[in-house]
Amino acid sequence: MSVDNQWPLWEVFIQSKTGLPYKHSGSVHAPDGEMALQNARDTYTRRMEGTSIWVVPTDAIVASSPDDSGSFFDPSDDKAYRHPTFYVMPEGAKHI
Amino acid sequence: MNTKKALFEYCIRIGDNSMILGHRLSELCSRGPILEEDIAITNISLDLFGQCRNILTYAGEVEGKGRNEDDLAYHRPEHEFRSVLLTEQPNGHFGTTMARQMLFSVFHYYFYKELSKSNDVHLAAFAAKSLKETMYHMRHSSEWIIRLGDGTEESHEKMQEGLNKMWSYRHELFEKDAVDEHLIELGIAVDTAKFKDAYEKQLEEIISRATLEIPEEGWRATGGRIGHHSEYMGHILAVFQSLARAYPDAKW
């Protein structure tokens, strides 16, 4: 494996419109938070994708392990009652 | 003084600065120190070319001889270019590129801020739009200077070297002649003397945050605004204009 001599990695989350959730867009290398913001702006918002950016050190993200996927996610397979499909959506409620 | 002629000259000066600096930055496309920075520098170059296209198109309209942006960009000889010498200086190492960018972008920021109040509606709208781009250019280059200056021993040394090299070129940005005076009187042009102190103060602040030394004042660059360019300009134009000259009116 090659030695990673790059700057630390940051994950980039972009909010496309006020009120909408931030979505993961990708990652950038940067020496610190301010530079990570700038790099994220230059790399991921060139075509008006966003109105706000979060950057998070990749190290700070705790991810579930693929080995856990059985115990984590399979139990919700057969629980249809957890889906709010029996309700009528109020008019004017967007982004749900 | 003929106002139309003065306004044409004034627009050409603004456009040529953006064009030549934009070209210098474009030379770094695919050669950036890291991928993200490569994109950042290219974005700035594109912003500058966008500004240049807008203002050269307007210059052509003001002149009224049917010249468009391409005629002005590709078919003028070196001595008709009005860019300041700072913009044509070679990229050197990254510290030099950032020093050049910061000296120019901080100027550009104050300049556009004032120009957005111009009595010429086109210039005012153009400046308001360009100001937003420029604020980012200023932030980008300042943050780099602070990090490199206040970084390792080697980065500090190189940043200082780049700053020293570019320092004396900034004076030309503030030169004034009869064209400026005439248009300032009409409320069209910017009186750059108004913000010289603020400009210098901001440079000092960035330099001090970067733990760098303010370079000594020596000679003052001059000449670009009357078409007396440094040895680099001919090479830049040879590259920049070669396609349009070899294949006039070439289309995509």
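A quick note: this is a predicted structure, and the numbers were derived from the prediction, not measured. Each chain gets a letter, A, B and so on, in the order its sequence line appears, and its residues count up from 1.
- Glu11(A) and Trp54(A) form no side-chain donor-acceptor contact under 3.5 Å, judged by distance and modelled atom types alone.
- Most heavy-atom pairs under 4.5 Å with chain A: of the set Thr42(B), Ile39(B), Asn43(B), this distinction falls to Asn43(B).
- Ranked by heavy-atom pairs under 4.5 Å with chain B, the first of Val28(A), Asp42(A), Asn39(A) is Asp42(A).
- Heavy-atom distances place the side chain of Leu46(B), and not its backbone, under 4.5 Å from chain A.
- Of the atoms belonging to Arg147(B), it is side-chain heavy atoms, and not backbone ones, that fall under 4.5 Å from chain A.
- Using a 4.0 Å cut-off between a side-chain N of Lys or Arg and a carboxylate O of Asp or Glu, Arg76(B) and Asp71(B) do not qualify as a salt bridge.
- Taking a cutoff of 4.0 Å between a charged side-chain nitrogen and a carboxylate oxygen, Arg209(B) and Glu205(B) do not qualify as a salt bridge.
- Between Glu154(B) and Lys158(B) there is a salt bridge, since at least one side-chain N of the basic residue sits less than 4.0 Å from a carboxylate O of the acidic one.
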